[in-house]
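Contents: one structure, followed by commentary.
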Amino acid sequence: MNTESKLPLEESRSLNFIEEIVESAKVGDSLPRVHTRFPPEPNGYLHIGHAKSICLNFGLAKNYNGKCNLRFDDTNPVAEDVEYVDSIMEDVRWLGFDWEDRLFYASDYFQQIYDWAVVLIKKEKAYVCDLSAEEVSSMRGTPTIPGTPSPYRNRSVEENLDLFERMKNGEFAYGSKTLRAKIDLASPNMHMRDTVLYRILRAHHHRTGNKWCIYPMYDFAHGQSDYIEGITHSICTLEFEVHRPLYEWFLESIGLPLPRPRQIEFARLNLTYTVMSKRKLLELVKSNYVNGWDDPRMPTICGLRRRGYTPESLRNFAERIGVAKRENVIDVSLLEFCVREDLNKKANRILGVLNPVKVVITNFPDNHVEELDAINNPEDASAGGRKIPFTKELYIEQEDFMENPPKDYFRLRPGGEVRLRYAFYIKCENVVKNPETGEIIEIHCTYDKESRGGKTTDGRKVKGTIHWVSAQNAVECEVRLYDRLFKSENPEDGQDFKADLNPDSLKVIKGYLEPFVKNAKAGESYQLERLGYFNIDKDTTENNIVLNRTVGLKDAWSKIVKK
RNA sequence: UGUUCGAUGGUGUAAAGGUAGCACAACAGAUUUUGAUUCUGUUAGUUCAGGUUCGAAUCCUGGUCGGACAACCA
């Protein structure tokens with residue numbers, strides 16, 4: 001009827017402050033070009049905080065018909081390694097983003113950046129300094145006290161040019177000289193106090209090999225790399241806010257023509273019960289508090305993947321937490337909500353018992369197997385169905401039987417009747433205990449033959465439905481139950497975050513699953529009905545199926561019990 | 001304490017001078033062959049003090065609180 005062209009979704013969703021910046025630059029009816037980049041340093045594995053940044057940068061480009069580059073910020077060969085390059089590319093792709101043919105490295109630009117340093121020297125905006133790191137540090141002053149000039153600050157252009165070239169040629173020892181910007185030693189912004197541009201490093205670079213022995217610092221490489229790539233919005237985290245004047249000073253001082261990239265800072269992600277710093281994650285790995293970077297308890301993307309998180313759930317999470325400049329700590333329960341939401345739609349259901357107690361159906365024929373129909377996913381009719389074998393001896397969950405149950409308990413009890421999911425009504429007739437320990441060994445029940453499939457025609461009401469598995473057909477699996485890695489909401493609060501490690505963050509138990517699980521492939525997610533979502537681990541072999549618990553189902557009963 | 005950024009329910013995030021909304025969490029109820037899902041409802045918020053205005057979360061002034069910055073890391 002009218003000319004409305006907005007999508008309903010976009011109409012209802014409000015803009016974050018970065019999108020507003022993009023929109024405010026609207027010229028007439030056309031949007032400005034949007035070109036972002038995700039610039040990881042290849043010195044560690046990506047974590048969920050990076051996922052936020054990836055979704056932001058690639059998402060912004062997508063929404064505004066722009067582009068997003070993947071660029072490795074590889075200016076410090078001492079810390080970096082190809083091992084990380086590969087994992088980072090894998091993780092970005094897995095999250096569902098594509099940099100197409102725009103894979104770049106800051107090291108691609110080393111020559112250009114070097115040439116620009118020479119430009120700065122010629123403009124008397126940079127000089128070679130012989131001070132040691134300690135001396136530079138002690139002469140920098142404090143925020144309230146101006147720094148003292150380096151005695152080398154006024155070397156001639158010719159001398160600087162000569163020295164800088166000889167630095168490049170490897171004539172000087174590691175750390176003996178730096179190239180410094182000549183800015184303002186009295187600046188209240190410490191980064192403007194003649195920051196270091198180049199340092200001498202004798203290290204093998206993963207891409208340039210031994211070609212260079214001087215390497216540019218982040219500040220001198222990042223903005224220029226953005227410029228070279230035609231980046232419009234250079235999005236980074238809040239701690240770079242104070243670097244912005246430097247970022248702009250370099251582009252300006254080198255004399256690069258407009259348009260220039262604009263640096264925009266947002267608040268990084270923090271999660272309750274989680275540490276996020278690379279240093280701490282590395283320590284957890286190196287000191288074997290966890291089993292590698294992809295340990296399912298780690299907040300790394302590969303850890304979350306192995307835990308059973310899906311790319312969709314992570315993208316939805318990133319969307320829900322929003323983007324702003326204020327410090328934030330997101331409740332992990334939101335993350336858990338996001339996987340449950342996604343897996344509820346996608347994961348096929350199976351029956352499995354984790355803490356078994358044997359049930360004997362006394363009126364069921366010996367050696368008889370009844371094949372029962374089960375629905376794979378009630379949320380998705382196209383997932384179809386399967387058969388589950390029912391036999392005289394079954395396992396049910398220990399928690400699903402109580403001799404002296406509380407008021408609202410509607411599972412199995414002496415004399416009580418309960419429905420076995422997709423199977424029959426059973427009634428508890430007798431309990432067999434170990435005479436010495438009092439432990440329940442077997443629960444003897446009778447079944448109602450007429451209740452096949454879980455319903456009868458007599459209108460009888462059976463409130464409880466519990467899961468079960470045929471004792472003789474059950475597949476014994478290894479089940480890894482994960483809990484939060486740390487005990488307190490903010491593990492970084494204490495002196496030593498390792499003291500806050502949760503000793504029960506991993507429990508390995510045996511589980512008994514319906515035979516269908518034999519078809520499962522590594523990486524697949526299943527819901528064990530009434531228990532939670534589980535992912536088939538890559539450690540799975542033909543004789544040992546391994547399941548990782550992604551997250552439990554919401555559990556209203558456990559809350560009632562606590563009260 | 002120098003510069004700088006920030007402050008909205010328990011946690012996040014909207015509202016661009018005009019009804020403080022949404023999500024998660026919590027709680028209550030309905031439905032349910034998963035105590036799940038789904039649905040409905042409830043609790044709960046503008047850091048403080050002034051000012052401008054018919055009207056302020058929003059603008060102004062000041063205070064308070066919190067973060068970031070003094071690597072030859074990124």
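Letters A, B, ... mirror the listed sequences (proteins, then strands); counts begin at 1.
Residue contacts for A:Lys554: at a heavy-atom cut-off of 4.0 Å it reaches the sugar-phosphate backbone alone, with no base atom in range. As judged by a 4.0 angstrom heavy-atom cut-off over every strand, A:Asp408 is placed among the base-contacting residues.
Rounded to an integer number of Å, the gap from A:Ile18 CD1 to B:A14 C1' is 16 Å. When the P atom of B:A23 is taken as reference, atom CG of A:Asn16 falls 19 Å away, rounded to whole Å.
With B:A7, B:A74, B:A36 as the candidates, the nucleotide lying closest to the side chain of A:Glu379 is B:A36. If you check B:U34, B:A23, B:C73 against the side chain of A:Gln527, the one that comes closest is B:U34. Closest to the side chain of A:Arg349, out of B:A74, B:U34, B:G35, is B:U34. Side chain of A:Phe410, nearest nucleotide from B:A70, B:G35, B:U34: B:G35.
Between A:Tyr198 and A:Tyr114, the ring planes lie perpendicular to each other; the angle is over 60°, past the 30° to 60° tilted range.
A:Trp557 qualifies as a stacking partner of the B:G35 base, centre to centre under 5.5 Å and near-parallel within 30°.
A:His222 contributes no side-chain N or O that, together with a main-chain N or O of A:Asp219, makes up a donor-acceptor pair within less than 3.5 Å.
Counting distance only, with no hydrogens placed and no angle test, the side-chain atoms of A:Arg326 and the base atoms of B:G12 include no donor-acceptor pair under 3.5 Å. Judged by distance alone with a 3.5 Å cut-off, a donor-acceptor contact links the side chain of A:His243 to the base of B:A74.
Among all heavy-atom pairs drawn from A:Ile48 and A:Met276, the shortest one is CG2-CE, 3.6 Å.
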Given Watson-Crick and G-U pairs under 3.5 Å, RNA chain B in dot-bracket ([ ] crossing, | other strand) is .((((((..((((....[..)))).(((((.......)))))....(((((..]....))))))))))).....

